S.K.: 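Submitted below is the structure of interest, expressed as structure tokens.
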Amino acid sequence: MIANDKAVNRGVAPVTYGQGERPPRGDYSTARGDYTCDQNWSAYTAQEHDLYRRLYERQAAQLEGLACDEFTAAVKHLGAPERIPRFDELSNRLYRQTRWEVVAVPGLIPEEAFFALLAKRRFPVTGWIRGPEEFDYVVEPDVFHDLFGHVPLLFDPVFADYMQAYGAGGLKASRLDACELLARLYWYTVEFGLIQTPQGLRAYGAGILSSAGELRHSVRSGEPSRVPFDLQRIMRTRYKIDSYQSTYFVIDSFQQLFDATAPDFTPIYRAVRELPEIEAGAVLPGERLIAAS
Ligand code: HBI
Ligand code: FE
């Protein structure tokens, strides 16, 4: 699924989530060889700024007791919620804190290009925003998901280092054809991860924090299984892209996440390939589960 530079210049959209039955969104004809493009901030309409504001206010109102403290403390760095932030201004603030910057992309980009940007501490943020009819849910990541969901924790030094380590590991994985295993690690931590705190379970995953309903569901609902973080267990576990997760993985700290990426993953990939995959929601015999908060 990796388009080459020429394909990008031909405007071929290279990547979609899942089986790819939907046409990819975004204008890839403007993307450079590394899949980055310009944000074109002046093209946003008043309606789009207002949609961003309403999405932001709905999520900001429900962070207390559900989002991890690091996220709640950092979300203000996105700037005024009334308008979609200018990526260059946001990058100036972010770079001063953890040497990350935000770069615009047309939408989902190939894994290799994605990993390469993360490895350079450049976080790809989709330029377009969902339509008003998608206020409650959009399948592909839009500018609100990427900014509100992902960027605040890039202000946290340990999490920021984890994201770069993940990107660097991803570049190795693509040579080992282990992208699917690494995609699962991204999915169950960066997108849908939970963290145990003295006050109880809290969300740190971007897919949860940017979701109207999944933020409360992931922390409070009795339905999903919550499994203590385990790299091999995560890499064996399939995920669903268009419904609430039925399995969440729980870390004790961002340091634990960063330390887990320290070893070379090659032997882990080999071990995981010897073991059967695990369906989302399945619980292994004797597995300790973590209760909702
Ligand atoms: N592209 N723009 C963008 N944003 C993502 O989050 C993203 C991507 N491409 C691939 C991808 N995520 C996942 O497959 C990661 O697990 C690599
Ligand atoms: Fe995301």
Side-chain angles (χ1 to χ4, degrees), residues 1-3 7-8 12-20 22 24-28 30-32 34-37 39 55 59 71 87 100-120 122-130 137-154 159 162-193 203-211 214-215 218 231 234-235 237-242 245 249 257 261 265 269:
M1 263 219 292
I2 301 279
V8 173
V12 173
V15 165
T16 61
Y17 265 155
Q19 298 68 31
R22 286 172 306 287
R25 288 174 72 160
D27 175 8
Y28 289 77
T30 62
R32 292 177 278 268
D34 61 0
Y35 282 91
T36 61
C37 58
Q39 180 187 16
L55 286 163
Q59 291 312 108
F71 179 90
F87 293 0
W100 272 83
E101 57 180 317
V102 159
V103 289
V105 289
L108 287 170
I109 63 176
E111 275 149 346
E112 186 114 13
F114 183 70
F115 294 142
L117 289 171
L118 296 189
K120 292 188 194 109
R122 303 178 78 206
F123 190 78
V125 174
T126 298
W128 55 265
I129 188 165
R130 68 191 75 181
Y137 181 69
V138 60
V139 179
E140 295 87 354
D142 72 337
V143 67
F144 179 75
H145 164 83
D146 283 337
L147 283 183
F148 191 92
H150 285 285
V151 173
L153 281 182
L154 290 175
F159 193 83
Y162 167 66
M163 287 294 281
Q164 178 177 21
Y166 175 86
L171 290 174
K172 277 195 291 205
S174 47
R175 284 191 289 281
L176 298 166
D177 187 27
C179 281
E180 174 55 28
L181 302 182
L182 214 66
R184 290 173 180 172
L185 174 59
Y186 191 83
W187 192 268
Y188 281 118
T189 58
V190 178
E191 293 295 357
F192 292 96
Y204 72 91
I208 300 177
L209 289 160
S210 59
S211 160
E214 193 157 6
L215 178 47
S218 68
L231 202 55
I234 285 179
M235 288 189 176
T237 306
R238 299 167 61 81
Y239 58 85
K240 305 185 287 186
I241 67 157
D242 47 13
Q245 300 306 307
F249 288 88
L257 202 48
T261 59
F265 280 178
Y269 296 147

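The model shown is predicted, which means the values in this text are computed figures rather than measured ones. All ligand and atom numbering here is 1-based and tracks the order in the structure.
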S.K.: Is the Phe148-Phe71 ring centre distance short of 6.0 angstrom?
M.R.: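 Ring centroids of Phe148 and Phe71 are less than 6.0 Å from each other.
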S.K.: Measure Phe115 to ligand 1 on non-hydrogen atoms and call it side chain, backbone, both or neither using the 4.0 Å cut-off.
M.R.: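 Side chain only; the backbone of Phe115 stays clear of ligand 1.
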S.K.: Among residues at least two apart in sequence or on other chains, which ones pass salt bridge (Lys or Arg N to Asp or Glu O under 4.0 Å) with Glu101?
M.R.: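 Expected list: Arg122.
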S.K.: Sequence neighbours excluded, which residues qualify as side-chain contact (heavy atoms from CB on, under 4.5 Å) partners of Pro106?
M.R.: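 For Pro106 the side-chain contact (heavy atoms from CB on, under 4.5 Å) partners, ignoring immediate neighbours, are Tyr28, Ala31, Cys37.
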S.K.: My understanding is that only one of Tyr239, Trp187, Tyr204 makes a ring-ring contact (aromatic ring centres under 6.0 Å, His included) with Phe192; could you say which?
M.R.: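 Result for ring-ring contact (aromatic ring centres under 6.0 Å, His included) with Phe192: Trp187.
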S.K.: Counting only nitrogen or oxygen atoms and a 3.5 angstrom limit, does Glu111 reach ligand 1?
M.R.: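 Right, the criterion is met.
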S.K.: May I ask whether Tyr35 has any heavy atom positioned less than 4.0 angstrom from an atom of ligand 1?
M.R.: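 Judged by the 4.0 Å heavy-atom criterion, Tyr35 does not count as contacting ligand 1.
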S.K.: Could you tell me whether the Fe ion (ligand 2) has an N, O or S atom of Glu191 under 2.8 Å away?
M.R.: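 Of the N, O and S atoms in Glu191, at least one lies under 2.8 Å from the Fe ion (ligand 2), which means yes.
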S.K.: Can you tell me, to 10 degrees, how wide the angle at the Fe ion (ligand 2) is between NE2 on His145 and NE2 on His150?
M.R.: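 Reported to 10°, the angle equals 100°.
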S.K.: My understanding is that we take every heavy atom of each candidate and find the minimum distance to atom 9 (N) of ligand 1. Doing that for Leu108, Val105, Leu117, Ile109, which one comes out nearest?
M.R.: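 Looking at heavy atoms only, Ile109 sits closest to atom 9 (N) of ligand 1.
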S.K.: Is the backbone of Cys179 close enough, under 3.5 Å, to the side chain of Glu111 for a donor and an acceptor to pair up by distance?
M.R.: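 Flag not set: sc Glu111 to bb Cys179 has no pair under 3.5 Å.
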S.K.: Out of curiosity, is Gly107 lining ligand 1, as in a heavy atom under 4.0 Å away?
M.R.: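 Gly107: in contact with ligand 1 (<4.0 Å).
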S.K.: Report yes or no: do Thr189 and Tyr166 form a side-chain donor-acceptor pair below 3.5 Å?
M.R.: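 Absent: no donor and acceptor within the cut-off.
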S.K.: Atoms of ligand 1 less than 4.0 Å from Tyr186 heavy atoms?
M.R.: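 Those of ligand 1 that fall under 4.0 Å from Tyr186 are 6 (O), 16 (O).
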S.K.: List every atom of ligand 1 that sits less than 4.0 Å from any heavy atom of Tyr166, numbering the atoms from 1 in the order shown and giving each element.
M.R.: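 In order of number, 16 (O).
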S.K.: For ligand 1, which part of Phe123 has a heavy atom less than 4.0 Å away: the side chain, the backbone, both, or neither?
M.R.: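 Answer for Phe123: neither.
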S.K.: Has the side chain of Gln59 got a donor or acceptor atom that lies under 3.5 Å from a matching backbone atom of Ser211?
M.R.: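 Side chain of Gln59 to backbone of Ser211: a pair is present.
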